[in-house]
Number of protein chains: 2
Amino acid sequence: MENTREIFQIMTRRFGLLNKSCCSAGGIDISLIQSHILYEIDHQHKPSVQKVAEALDTDITTFSRQIQSLIKMNLVKKTPDPDDRRVYVLSLTTEGAFVAASIDQQINAYLNEIFSQMNEFEKDTVIRSIKLLNDAMAKSSVCCTSPMG
Amino acid sequence: MENTREIFQIMTRRFGLLNKSCCSAGGIDISLIQSHILYEIDHQHKPSVQKVAEALDTDITTFSRQIQSLIKMNLVKKTPDPDDRRVYVLSLTTEGAFVAASIDQQINAYLNEIFSQMNEFEKDTVIRSIKLLNDAMAKSSVCCTSPMG
DNA sequence: TCAAATAATTGCAAAATGCAAATATTTAAG
DNA sequence: CTTAAATATTTGCATTTTGCAATTATTTGA
């Protein structure tokens, strides 16, 4: 258990680099944070501004401005919620969905390349392990439980 | 393979949150980036300013200033390299080493809590899987190979 | 011996951050 | 009902962070 953190540190940093480098799609440059926002909007069901900000653990005022940029870039749409007019619902524009899909594709291509170095059994084991880990983290009381399914 | 990215995204974001929340030690508040810098200095052998900046994929000028803050906080020391006087070698002060160890401990405590939900076999499998993953990523040509062992 | 290369720092202007306050709307209590 | 408290989002503003271009100091190689 001594160097457990170390292997996690290496892993998460590599994925961080991956995300960092994977932020250009169709001539549009996207910051790392913007990429995360697009991903999150894409994966939540009609999320409010607050929901996405929480999921990404970002200050709501900062997030509000980040959304403004994405709207200016025509990647995100903000629609008033008819049930509660304080709330704005976020969604991707056609262009935003395209960019998100493109980034997704780039990252999956990288993951596929990584997994191509393993046999089927190893690959299954690794994927099952990560799911196990995610479940365990979701149950943990110490940290980081609240957002994300 | 469809949702492979998704499980990685969840995992890395959870660890990101963990790091974010684990950045206070002995009354000293540390930013996420500062925590990564301390970790990296601690794990490299007499690294130069440039080496650490590269490992963390940070712009060298930004990094130079981050080091300046850490020196002001008395967590990092900068020593001229006798072999090449353009170079400065970074190391942790006693206090910096203490802070780094404390953060390490907090993160390991969290990891232990997570693993306590698994049996020995699962735990071994998960750890072996992550090592496998790290090796595969290190070999990959697509992305993110250069820094880090 | 001197021009090119390298390591690190600084100037500066642009971008990101987050607290406090403002706005708009909803909820709940009397 | 009416109105005060609560909630969702946005803006004002001051601070911090960022990164390109230029600078300094040193080393390397022709």
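Just so you know, these numbers come straight off a predicted model, no measurement behind them. Scope of the values below: all heavy atoms of this structure, side chains included, with no hydrogens, waters or symmetry mates. Chain A is the first sequence line, chain B the second, and so forth, proteins listed ahead of strands; every chain is numbered from 1.
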Exercise. On a plain distance test, is the side chain of B:Arg86 in donor-acceptor contact with the base of D:dT27 below 3.5 Å?
Worked result: no
Exercise. Want to settle it: does A:Pro82 or A:Gln34 sit nearer the 5' end of DNA chain C, counting the closest nucleotide to each?
Worked result: A:Gln34
Problem set entry | Gap between atoms CG and P, on A:Asp57 and C:dA16 respectively (whole Å) | 19 Å
Exercise. What about A:Arg85, does its side chain sit under 3.5 Å from the base of C:dT25 through a donor-acceptor pair?
Worked result: no
Exercise. Starting at CD of A:Gln50 and ending at P of D:dT9, how long is that distance when rounded to a whole Å?
Worked result: 5 Å
Exercise. Just how far, in rounded Å, is C1' of D:dT16 from CD1 of B:Ile30?
Worked result: 16 Å
For this session: Check every strand shown and say whether B:Ser48 touches a base, only sugar-phosphate, or nothing at a heavy-atom separation below 4.0 Å.
Result: sugar-phosphate
Problem set entry | A:Ser64 vs B:Thr61, nearer the 5' end of DNA chain D by closest nucleotide | A:Ser64
For this session: Take atom CD1 of B:Ile60 and atom C1' of C:dA8, then tell me their distance rounded to the nearest Å.
Result: 7 Å
For this session: Could you state the atom-to-atom distance from CG of A:Asp81 to P of D:dT7 in whole Å?
Result: 17 Å
For this session: Look at all strands and tell whether B:Lys78 reaches a base, only sugar-phosphate, or nothing, counting heavy atoms closer than 4.0 Å.
Result: sugar-phosphate
For this session: Consider only side-chain N and O atoms of B:Gln44 and B:Glu40, and report whether a donor and an acceptor are under 3.5 Å apart.
Result: yes
Problem set entry | Any side-chain heavy-atom pair of B:Gln50 and B:Val87 under 4.5 Å | no
Problem set entry | Nearest to side-chain heavy atoms of B:Asp84, which nucleotide of D:dT10, C:dG11, D:dT26 | D:dT26
Problem set entry | Note, A:Phe115 side chain near A:Val126 side chain (heavy atom, < 4.5 Å) | yes
Exercise. In terms of side-chain heavy atoms of B:Asp59, which of D:dC20, C:dG18, D:dT9 is nearest?
Worked result: D:dC20
Exercise. Using a cut-off of less than 4.0 Å, is there contact between a side-chain N or O of B:Thr62 and OP1 or OP2 of D:dT17?
Worked result: no
Exercise. How would you list, by chain and number, every residue that makes a side-chain hydrogen bond (donor to acceptor under 3.5 Å, both in side chains) with A:Glu122, sequence neighbours excluded?
Worked result: none
Seminar exercise, completed: From NZ of B:Lys72 across to C1' of D:dT16 the rounded distance in Å is 12 Å
Seminar exercise, completed: A:Leu32 atom CG is separated from C:dA15 atom C1', nearest whole Å, by 15 Å
Exercise. D:dT17 P sits how many Å from A:Ile33 CD1, rounded?
Worked result: 14 Å
Exercise. Quick one: is A:Gln68 getting a side-chain N or O under 4.0 Å of the D:dT11 phosphate, OP1 or OP2?
Worked result: yes
For this session: Starting at OG of B:Ser48, measure out to CD of B:Glu54 and round the result to the nearest 0.5 Å.
Result: 7.5 Å
For this session: Examine D:dT18: is either OP1 or OP2 under 4.0 Å from a nitrogen or oxygen in the side chain of B:Gln66? Give yes or no.
Result: yes
